[in-house]
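Written below as C-alpha cells is the structure these notes are about.
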There are 2 protein chains.
Amino acid sequence: MNRVFKALADPSRRRILQLLREGPLSAGDIARHFDLAKPTLSGHFAVLREADLVDQERQGTTIYYRLNLSVMEEALSGLMDSMGIGQGERAAHSPGLVKPGK
Amino acid sequence: MNRVFKALADPSRRRILQLLREGPLSAGDIARHFDLAKPTLSGHFAVLREADLVDQERQGTTIYYRLNLSVMEEALSGLMDSMGIGQGERAAHSPGLVKPGK
DNA sequence: ACTATATTTCGCTAATTAGCTAAATACCGT
DNA sequence: ACGGTATTTAGCTAATTAGCGAAATATAGT
C-alpha cells in the first residue's frame with residue numbers, strides 16, 4: 001500500500017494513469033504524450049507495475065499497459081477509511097474540533 | 001495538489017494524520033507515538049502544513065496541530081474523479097478492457 | 001533577568017529518485 | 001541470419017528527502 005502512494009506522488013505517473021483510463025496503451029503511445037525520454041517513462045511504468053496499479057501485456061513487439069482500477073480504488077478508499085472520510089454511506093464519526101484541555 | 005500527494009507518500013506522515021483524526025494534538029503528543037527525533041517530526045509537520053493538510057495553532061508554549069479534513073477530501077475525490085472512480089453517484093464510464101487494434 | 005519547557009531552524013549525511021544517453025533484449029519480417 | 005522497431009536495462013548525474021544532534025527561538029513562570 002505504501003508503494004501505491006509512492007507511485008501516486010509523481011505527477012507524470014498520475015498522468016499516465018489518467019491516460020490509461022480510456023483503455024490500454026502501448027509504452028510508445030504513452031511516450032508520445034510526454035516530453036520525457038523513453039527510458040525515463042519505462043522507469044515510471046516499473047514503479048506503477050510494482051505498485052500493481054497497472055498490468056503489462058506483451059503483444060508482439062509492443063507492450064500494452066492496462067490500468068488496474070481495483071487496486072487504486074482499494075488504496076484510496078482504504079486511506080479515506082483510515083482517515084474517517086465517509087464515502088457517502090459510512091456515517092462520518094466526525095470528532096469535530098474537540099478543543100484540547102486548554 | 002501535488003504537495004498533497006507528496007505529503008501522503010510518507011508513512012509517518014500518514015500516521016500523523018491518522019492520529020489527528022481524534023482531535024488536535026501537540027507536536028510533543030504526536031512525537032510520543034513515534035521513534036523519531038523531534039526535529040524530524042517537525043519537518044514532517046512542515047510538509048503537512050505546506051500541503052495544507054493540517055493547521056497549526058499556538059497555545060502558550062505548545063503548538064497544536066489540527067487535521068484539515070476538507071483539503072484531504074478534496075484531493076482524494078479530485079484524484080478519484082480524474083481516474084473515473086465513481087464515488088457512488090457518478091456512474092462509472094468503465095472503458096472495460098477495450099482490447100487494442102490487435 | 002533567569003530557568004524551564006516546547007518546538008523549530010541549522011548544518012550535515014546517507015539514501016532515494018527522476019532524468020539522461022548508450023547499450024542490451026525481444027520480437028517480427030524478409 | 002539480418003535489419004528494423006519497441007522497450008528495457010545499465011550506468012551515470014543532479015536534485016530531493018528523511019534522518020540526526022546541536023543550537024536557536026518562543027513563551028511562561030519566578
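Heavy-atom basis, side chains included; hydrogens, waters and symmetry copies ignored. Within every chain, numbering begins at 1; the chains are lettered A, B, ... in the order of the sequence lines, protein sequences first and strands thereafter.
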Below 4.0 angstrom from OP1 or OP2 of dC20(D), is there any side-chain N or O of T40(B)? yes
Contact class for L41(B) vs. all strands (heavy atom < 4.0 Å): base, sugar-phosphate, or nothing? nothing
Please determine if a side-chain N or O atom of S26(A) lies less than 4.0 Å away from the OP1 or OP2 oxygen of dT7(D). yes
Length of the CZ-C1' vector between R58(B) and dT7(C), whole Å: 7 Å
Spacing between K6(B) atom NZ and dT17(D) atom P, to the nearest angstrom: 6 Å
Take atom CZ of R3(B) and atom P of dT17(D), then tell me their distance rounded to the nearest Å. 10 Å
Grab the NZ-P distance between K38(B) and dA26(D) for me, whole Å please. 19 Å
Side chains of V47(A) and K6(A): does their closest heavy-atom pair fall under 4.5 Å? no
Taking the six-membered ring of Y64(A) (Phe, Tyr or Trp), confirm whether the NZ or CZ of R58(A) is under 6.0 Å from its centre and within 45° of its axis. no
To the side chain of T61(A), which of dA26(D), dA6(D), dT7(D) is closest? dA6(D)
dG19(D) phosphate, OP1 or OP2: any side-chain N/O from H44(B) under 4.0 angstrom? yes
Rounded interatomic separation in angstrom, taking OH from Y64(A) and P from dC27(C): 15 Å
Go through the side-chain N and O atoms of Q56(B) and Y65(B) and say whether any donor and acceptor fall under 3.5 Å apart. yes
Do any side-chain nitrogens or oxygens of Q56(B) fall under 4.0 Å of OP1 or OP2 in dT8(C)? yes
So if I take every side-chain heavy atom of R13(A) and compare against dA18(C), dT8(D), dC20(D), which nucleotide ends up nearest? dA18(C)
What integer distance in Å separates F5(A):CZ from dA18(D):P? 16 Å
Nucleotide dC27(C), atom C1' - distance to CD of E57(A) in whole Å: 15 Å
Walk me through whether V54(A) and R66(A) qualify under side-chain contact (heavy atoms from CB on, under 4.5 Å). CA-CA 5 Å; V54(A) 301; R66(A) 180 163 33 84; over 6 Å; no
Using whole Å, report how far CG of D10(B) lies from C1' of dT16(C). 12 Å
Would you classify Y65(A) as touching base, sugar-phosphate or nothing, given that sugar-phosphate means primed atoms plus P, OP1 and OP2, and contacts are heavy atoms under 4.0 Å? sugar-phosphate
Classify the nucleic acid contact of T62(A) as base, sugar-phosphate or nothing, counting any heavy atom under 4.0 Å across all strands shown. sugar-phosphate
Which atoms form the tightest heavy-atom contact between T62(A) and S26(A), and what is the distance? OG1-CB, 4.1 Å
Looking at S42(A), does any N or O in its side chain come under 4.0 Å of the phosphate oxygens OP1/OP2 on dT7(D)? no
